[in-house]
Chemist: 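Shown below is the structure under consideration.
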Amino acid sequence: MPALVLAGLAFLAPGVEAAKVKGKVANFMELENPVWAEAKEPKNRGYSFREPVPTVPSKFRKLFPHIPKELCVALIAKSVQKPPKPILIRVGGGRTTPVSIVVPPGTQFTFQNTDPFVHQLYGVGIPTFNPANTVRGGTRDWTVPKAGSYEIRDKRAPSLRMWIVAESNVAAIAYPNLKGEFLLDAKEAGDYEIQAYFSGKKVGPATPVSVGPRDLTIKDDIKVAPDPKKEKAKDDEDEKAKDKENK
Amino acid sequence: MLASRFWYVVLALVLGASIFVLLLATSMYNRAGLRAMDEGLSSDSQVVSWYLKNDARERSAQLIKFALNQDIAKQLSKASAAEGKIPSDVRDKLLDALKKVNSRIPEEDAFDAVFAVDQNGRVVAHLGYEQASGMEDFELGGYPVVADALHGYIRDDTLQLDRLYRVVARPVEYDLGSMPAGAVIGARVIDQKFARTLSQRTGAAVAFYMDGASTVSAAPEGFDKSQLDQINSDLTEALLDENYISVGRSPARTLGGNVRVVYSQLPGEAGQLGAGYVVGRLPAQVDSPLAFFKQADDKDKAQANVGLVAGAVAVAAFLGLIFSFLEHTRPINTFKNECIKLAKGEIDQLTPSKFRGIFRKIASDVNDGIDQVVSKGGGSPRRAADLGRVLGDIPDQPVMSAFSFPGDSGATPEPSSPGAAPEPSRPKPKPKAPLAETQGSAPSPTASSSAAAPLPGAAPAPGAAPGPGAAPGPHAAPSPPKRLPKPPGRPGGASAPNAAPAPEPSPAAAGGEPSEAEEWRQVYEDFVATKQQCGEKTEGFTYEKFEQTLKKTREALMSRHQCSRVKFSVYVKDGKAALKASPIKD
């Protein structure tokens with residue numbers, strides 16, 4: 001939990017009258033990391049063998065994302081927000097930390113290479129972010145030009161993919177822990193929406209919250225993916241309907 | 001000669017066919033060798049692929065020792081629970097546990113580096129990767145191989161970090177029924193040792209490449225691995241090959257004209273970055289049919305049917321010799337023998353029926369030639385001597401003075417009686433008249449002189465009364481009866497001028513054989529008389545010159561015919577005095 005708080009604080013400096021919004025995301029295990037999902041396909045020749053370990057429960061043998069880095073929960077204000085201070089992005093271990101982030105346009109990023117070898121980051125379709133080497137411990141800055149979704153990749157590490165969503169009204173962001181719990185810092189009281197982002201896209205519904213002078217706890221979990229059981233039941237109903245039509 | 005010529009054509013055809021077959025075999029050998037080599041390269045590539053996979057599986061099995069270690073699992077669980085900084089004691093204990101387990105890994109399956117990663121992907125402890133020493137925020141969680149392990153899968157990968165690494169990972173479970181506490185990752189550097197081991201176990205010449213250049217290579221004995229360095233200039237084009245992109249393996253390519261290679265993409269993330277391995281083989285090709293000798297080893301040579309080849313050569317040579325003997329040597333020998341017989345006078349002419357082919361024609365032509373010469377009265381080859389040569393440059397040499405020998409069928413005088421006096425008014429002898437050649441069969445001077453009746457006008461025979469008009473020669477009265485004809489007396493009784501006086505009667509004259517000098521003297525007188533009768537001039541024609549010529553002729557004939565002596569006689573040929581020499585064998 002302290003890490004989540006730090007993540008939020010790192011993004012926006014809390015005000016004196018700041019209130020905290022506590023919540024939890026659910027069904028995040030139904031999400032699938034696109035990089036890992038792509039790598040598991042045999043046609044991509046990402047391995048010579050890949051076998052499940054039977055002792056690991058099947059519900060864990062899914063390539064759900066590491067939400068403390070990949071699922072970004074944003075507090076969206078009703079008005080345009082100013083860019084925060086430069087944000088440090090660590091590049092290492094085959095990914096960036098965080099993997100997904102939501103910021104106001106004009107936010108500056110500092111990419112720091114924490115690996116003992118060179119990285120070569122570039123922005124997909126971003127003319128202002130061309131491939132360039134970043135040596136061990138080196139940094140590279142880039143500022144989000146305008147609202148939109150941006151993808152950052154590494155020429156030397158295909159698995160490294162980062163998504164930056166530039167949202168003008170984002171007031172705060174937080175990353176849940178492995179249980180899905182998150183804590184947002186609202187700088188000002190007012191009406192907000194809580195929106196989760198994954199792989200540069202919104203996931204789950206926007207949850208409206210009204211932040212007052214006190215801390216707020218969201219009662220219902222924010223479902224970032226459909227309920228697996230209901231999804232299965234729906235699929236079964238659809239199949240039955242098709243069978244009837246065929247008959 | 002037909003068979004011989006046919007044999008030459010057959011040999012030429014066989015030679016041509018052999019060359020054609022050799023060239024054809026060379027082309028087929030090269031084509032088959034190329035195809036076999038491409039298949040071999042594909043096989044090599046597959047073998048290397050299988051080796052990499054099998055090696056990864058065996059190493060992943062070694063990871064079980066880490067995964068089942070409770071210390072490792074416990075420390076990883078603690079690390080995963082720590083959302084902030086990982087406690088140092090956890091790192092230390094985990095490192096100790098890693099070292100302990102790693103020491104039990106067999107050397108052939110040992111890892112160059114081992115990492116223990118918590119659920120967050122953070123590297124809690126590691127062995128052998130000194131580059132990351134002191135980096136507390138070092139993590140690997142973003143790599144699919146680690147993510148898979150953290151999600152309950154065992155798999156391999158190839159990572160291109162500072163070098164190429166073959167990586168295997170598997171989850172580490174602490175509480176069954178919950179998410180894995182972490183994962184353990186084993187890495188093997190693809191270095192020279194790895195390449196050498198791979199080459200030794202697969203028998204392939206292999207090189208690894210990354211970033212468009214060869215990194216390490218190894219090859220079996222007999223293959224210069226530096227030849228694989230040529231891939232550096234070919235990689236850029238090879239990696240754009242459609243097959244390489246679609247299936248991860250290029251078709252066979254030729255490097256520098258002497259090495260054939262197949263590029264294969266490494267499995268895993270490194271493969272996506274263009275890293276891979278290449279297998280190579282030296283082409284089994286020959287530049288020319290003669291190169292087979294160089295490439296064939298003792299086993300190949302031992303398998304060649306030398307006996308069949310030797311037999312074919314022997315048969316061909318035997319047939320050629322047989323044909324050559326039958327159609328060349330034997331006819332020539334036959335012809336040669338017949339010619340020898342002809343030269344010796346054993347036969348008068350060649351018998352064409354004894355010959356075949358061209359020799360029959362030659363024999364027929366020779367016979368025709370002989371006939372032509374005979375029809376001309378004898379050709380020069382038939383003359384033993386010419387009087388012109390015999391008598392030198394005397395002014396009144398006989399027009400025709402020839403020696404005739406037994407057995408000669410050439411120019412021989414008319415079978416007139418040698419003892420008969422030449423008859424000036426007698427017509428010319430017929431050219432093809434039978435020849436008085438031998439002493440036994442033809443009237444020879446010695447044989448017929450006594451029996452020959454003197455012709456009108458001829459000198460009287462010894463003892464005979466001189467006829468009217470016959471001038472008694474100087475030696476007519478005293479000379480004893482002689483076998484040689486006396487020179488006829490000149491009409492009017494004139495004797496030959498310069499004629500030497502008749503020799504004294506020799507002992508032989510009394511009943512024995514006359515001496516050679518006497519005989520030659522008699523021949524001289526006869527010759528002079530005959531010349532006078534024929535109206536030829538005899539001035540300057542001395543006995544000394546005549547005698548010298550007879551000596552030379554005698555010696556020549558004796559040497560030629562191996563006879564004991566030579567007898568000379570005088571006769572008339574073509575209206576002129578002529579001499580006949582007859583070798584006599586005792």
Chemist: Would you compute the distance between atom CZ of A:Arg50 and atom CG of B:Asp156 and round it to the nearest 0.5 angstrom?
Modeler: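 These two atoms lie 11.5 Å from each other.
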Chemist: Do you know the tightest heavy-atom contact between B:Arg166 and A:Ser48?
Modeler: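 Scanning both residues completely, I find the closest heavy atoms to be NH2-OG, 3.9 Å.
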Chemist: Looking only at heavy atoms and a cut-off of under 4.5 Å, which of B:Asp157, B:Leu266, B:Val247 has the most pairs with chain A?
Modeler: B:Val247
Chemist: Identify which part of A:Thr97 has an atom lying under 4.5 Å from any heavy atom of chain B, answering side chain, backbone, both or neither.
Modeler: side chain
Chemist: Which atoms form the tightest heavy-atom contact between A:Ala157 and B:Leu273, and what is the distance?
Modeler: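 Shortest heavy-atom separation between A:Ala157 and B:Leu273 comes out as N-CD2, 4.3 Å.
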Chemist: For A:Asn33, is it the side chain, the backbone, both or neither that has a heavy atom under 4.5 Å from a heavy atom of chain B?
Modeler: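 Nothing of A:Asn33, per the 4.5 Å heavy-atom cut-off to chain B.
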Chemist: Answer with side chain, backbone, both or neither: which region of B:Arg163 has an atom nearer than 4.5 Å to a non-hydrogen atom of chain A?
Modeler: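 For B:Arg163, neither part sits under 4.5 Å from chain A.
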Chemist: So does B:Gln131 get a backbone contact from the side chain of A:Arg136, meaning a donor-acceptor N/O pair under 3.5 Å?
Modeler: yes
Chemist: Hey, which residues of residues 111-125 of chain B are touching chain A, say heavy atoms under 4.5 Å apart?
Modeler: B:Gln119, B:Asn120, B:Gly121
Chemist: Could you measure the distance from the CZ atom of A:Arg61 to the OH atom of B:Tyr153? Nearest 0.5 Å is fine.
Modeler: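 If we round to the nearest 0.5 Å, A:Arg61:CZ and B:Tyr153:OH are 6.0 Å apart.
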Chemist: State the CZ-CG distance between A:Phe60 and B:Leu150, to the nearest 0.5 angstrom.
Modeler: 12.5 Å
Chemist: Mind checking which of residues 177-188 of chain B sit less than 4.5 Å from chain A, heavy atom to heavy atom?
Modeler: B:Gly177, B:Ser178, B:Met179, B:Pro180
Chemist: Give, as side chain, backbone, both or neither, the part of A:Phe117 having an atom under 4.5 angstrom from any heavy atom of chain B.
Modeler: side chain
Chemist: Can you tell me which of A:Val118, A:Leu160, A:Asp115, A:Asn44 forms the most heavy-atom pairs within a distance under 4.5 Å of chain B?
Modeler: A:Asp115
Chemist: Any idea which of A:Phe49, A:Tyr47, A:Trp36 has the most non-hydrogen atom pairs under 4.5 angstrom with chain B?
Modeler: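 It is A:Phe49.
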Chemist: Identify the residues of residues 53-61 of chain B whose heavy atoms come closer than 4.5 Å to a heavy atom of chain A, ordered by number, or report 'none'.
Modeler: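 Expected list: B:Lys53, B:Ala56, B:Arg57, B:Ser60.
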Chemist: Can you tell which of B:Gly271, B:Ala67, B:Pro171 has the highest number of heavy-atom pairs within less than 4.5 Å of chain A?
Modeler: B:Pro171
Chemist: Distance from B:Ser246 atom OG to A:Lys43 atom NZ, nearest 0.5 Å?
Modeler: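 It comes to 13.5 Å.
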Chemist: Determine whether more than 12 heavy atoms belonging to other residues, nucleotides or ligands lie under 6.0 Å from atom NZ of A:Lys202.
Modeler: no
Chemist: Given heavy-atom pairs under 4.5 angstrom as the criterion, report whether the side chain, backbone, both or neither of A:Lys69 touches chain B.
Modeler: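 Side chain only.
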Chemist: Inspect the surroundings of CG in A:Asp141 and state if more than 12 heavy atoms from other residues, nucleotides or ligands are less than 6.0 Å away.
Modeler: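 Yes, enclosed.
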Chemist: Between the side chains of B:Asp211 and A:Arg156, is the shortest nitrogen-to-carboxylate-oxygen separation below 4.0 Å, so that they form an ion pair?
Modeler: yes
Chemist: Taking atom CD as the centre, does B:Glu108 end up with more than 12 heavy-atom neighbours from other residues, nucleotides or ligands that are less than 6.0 angstrom away?
Modeler: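 Enclosed.
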Chemist: Give a yes or no on whether B:Lys65 atom NZ has more than 12 heavy-atom contacts from other residues, nucleotides or ligands under 6.0 Å away.
Modeler: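 More than 12 heavy atoms, drawn from other residues, nucleotides or ligands, come within 6.0 Å of this atom.
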Chemist: Heavy-atom pairs under 4.5 Å with chain B are the metric here; pick the option from A:Thr114, A:Thr55, A:Val35 that has the most.
Modeler: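 Winner by heavy-atom pair count: A:Thr55.
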Chemist: Quick one: which of B:Arg170, B:Glu269, B:Gln265, B:Gln272 has the most heavy-atom pairs under 4.5 Å with chain A, could you say?
Modeler: B:Glu269
Chemist: Anything in residues 132-149 of chain B with a heavy-atom distance to chain A below 4.5 Å? Please list those residues in order.
Modeler: B:Ser133, B:Met135, B:Asp137, B:Phe138, B:Glu139, B:Leu140, B:Gly141, B:Gly142, B:Tyr143, B:Pro144, B:Ala147, B:Asp148
Chemist: Rounded to the nearest 0.5 Å, what separation is found between the NE2 atom of B:His151 and the CG atom of A:Leu63?
Modeler: 6.0 Å
